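These numbers come from the heavy atoms of this one structure, side chains and all, not from hydrogens, waters or symmetry mates. First listed ligand is number 1; within each ligand, the first listed atom is number 1. All of these numbers come straight from a predicted model, not from anything done at the bench.
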Amino acid sequence: MKIIDGKKIASKIEFETKQKLVGCDKAPVLAIVLVGSDSASKIYVDKKVKSCLEIGIISKMVELSKNISQEELLNSVNDLNNDKAVDAIMVQLPLPKHISEKDILNSISSAKDVECVCCSNFGRFCEYGEYSVIVSPVTPMAVMKILDSCDVDIEGKNAVVVGNSNIVGKPVTMLLADRGATVTVCHDKTKDIAIHTRWADILVVAVGKKNLISKGMFKKGSVVIDVGINRNDNGICGDVDFESAKEIVNSITPVPGGVGPVTVAMLMKNTVDLFLKNN
Ligand code: NAP
């Protein structure tokens with residue numbers, strides 16, 4: 001069984017992204033909006049800031065109180081939309097419960113929407129596919145990049161996506177279907193997930209529940225992409241019970257060290273692509 005090295009895949013994307021900036025007389029600026037002091041969000045943001053530094057992207061942190069009103073947050077995003085020095089904007093999720101995530105994400109200017117989350121970009125992506133937008137959703141593209149890096153032949157395969165969020169599950173489903181896979185989507189109303197996962201040549205899990213996918217739920221020789229991030233005594237783990245998977249699957253992404261680093265690398269790539277498109 002092969003353990004897929006997300007850090008190695010990420011390094012390659014970061015190298016290629018850095019190359020795109022050779023000869024540019026200024027650096028791209030990525031604004032990262034962080035609301036509140038959630039410790040997990042802080043860790044993810046620190047990783048993004050570190051990656052920006054390594055590639056030559058200026059990260060502009062906008063840290064706001066967890067008590068900020070919806071209107072104040074909309075104004076902050078709007079200031080970034082109007083700031084000519086800012087090339088790309090991302091809002092770290094989750095947001096406090098009193099804020100509408102949908103409204104905030106949709107307020108990001110489509111030209112600076114580095115994660116493809118505003119309605120016009122996401123709608124275009126859904127309707128016409130990844131090549132219709134300047135940048136595509138980062139984690140779903142990280143999943144596809146991992147499959148491609150492992151030379152997984154997607155066309156004609158049975159793929160199962162567990163999780164149906166706008167950020168991960170839905171766009172992954174679309175990308176896999178666009179590449180010729182027959183895709184089944186499972187979510188929290190699915191009665192028996194195992195019935196579906198057992199026939200998955202490609203299994204993508206993005207839920208946020210430790211050990212949701214465990215013994216007896218894998219197809220022999222399959223490829224498993226574990227997007228989930230959960231806290232445990234040793235740090236973090238995914239949604240897949242790694243020990244029971246490794247006896248039967250062909251390859252699997254570990255957590256940590258799998259999808260996470262590739263997602264950050266795709267964010268860097270998207271920032272540079274927006275910068276180059278808009279300058
Ligand atoms: P989310 O918005 O909370 O969506 C979770 C999805 O899982 C929903 O579609 C939900 O179904 C489904 N679900 C909930 N309980 C389930 C169950 N028991 N069985 C099957 N499906 C169930 O989460 P998200 O933003 O997509 O993130 C999912 C996980 O990926 C989280 O752990 C997050 O931290 C992680 N993540 C990792 C990265 C990375 O770079 N590695 C990036 C983004 C997210 P309904 O639609 O029916 O509610």
note = Scanning both residues in full, the closest heavy-atom pair of Leu203 with Val205 reads CG-CG2, 3.8 Å

request  = Determine, for Glu16 against Lys12, whether the closest basic-nitrogen to carboxylate-oxygen distance falls under 4.0 angstrom.
outcome  = yes

query = Is any N or O atom of Cys186, backbone or side chain, closer than 3.5 Å to an N or O atom of ligand 1?
reply = no

key: Heavy atoms from other residues, nucleotides or ligands near NZ of Lys157 exceed 12 (cutoff 6.0 Å)   = yes

request  = Report the distance from atom CG of Leu80 to atom CG of Asp87, rounding to the nearest 0.5 Å.
outcome  = 11.5 Å

task = List the closest protein heavy-atom neighbour of atom 31 (C) of ligand 1: residue, atom name, distance to the nearest 0.1 Å.
result = Gly208 CA, 3.8 Å

ask   = Which heavy atom in Val161 sits nearest to a heavy atom in Gly169, and how many Å separate them?
value = CG1-O, 3.8 Å

message = Distance under 4.0 Å to a non-hydrogen atom of Ile193: what atoms of ligand 1 satisfy this?
response = 19 (N), 20 (C)

inquiry  = Looking only at protein heavy atoms, which one is nearest to atom 40 (O) of ligand 1, and what is the separation?
reply    = Thr263 OG1, 3.0 Å

query = Looking at atom 10 (C) of ligand 1, what's its closest protein heavy atom, distance included?
reply = Asp188 N, 4.3 Å

Ligand 1 N/O within reach of Asn164 N/O, cut-off under 3.5 Å = yes

ask   = Which ligand 1 atoms are under 4.0 Å away from a heavy-atom of Gly163?
value = 6 (C), 7 (O), 9 (O)

remark   = For Lys47 and Val264 the tightest heavy-atom approach is O-CG1, 4.2 Å

query = Does the Thr253 side chain pair with the main chain of Asp226, one donor and one acceptor, at a distance under 3.5 Å?
reply = yes

query = Quick check: does any side chain N or O of Lys112 sit under 3.5 Å from a backbone N or O of Asn81, one acting as donor and the other as acceptor?
reply = yes

inquiry  = Suppose I only count heavy atoms of Gly260 and a 4.0 Å limit; which atoms of ligand 1 are within that range?
reply    = 40 (O), 41 (N)

request  = Check if Gly228 has a non-hydrogen atom at a distance under 4.0 Å from any atom of ligand 1.
outcome  = yes

remark   = When distances are taken from atom 1 (P) of ligand 1, the protein heavy atom at minimum range is Ser165 CB, 4.0 Å

note = dist Ile213:CD1 -> Phe218:CZ (nearest 0.5 Å) comes out at 7.0 Å

query = Is ligand 1 less than 4.0 angstrom away from at least one heavy atom of Thr190?
reply = no

ask   = What residue and heavy atom of the protein are closest to atom 15 (N) of ligand 1, and at what distance?
value = Lys209 NZ, 3.0 Å

key: Protein contact of atom 35 (C) of ligand 1 - nearest heavy atom, named by residue and atom, plus distance   = Val227 O, 3.5 Å

message = To check your reading of the model: name the closest protein heavy atom to atom 5 (C) of ligand 1, its residue, and the distance in Å.
response = Val207 O, 3.7 Å

query = In terms of side-chain geometry, is the basic nitrogen of Asp188 or Lys209 positioned less than 4.0 Å from the acidic oxygen of its partner?
reply = no

request  = Would you mind checking which non-hydrogen protein atom is closest to atom 42 (C) of ligand 1, with the distance to 0.1 Å?
outcome  = Thr139 OG1, 3.3 Å

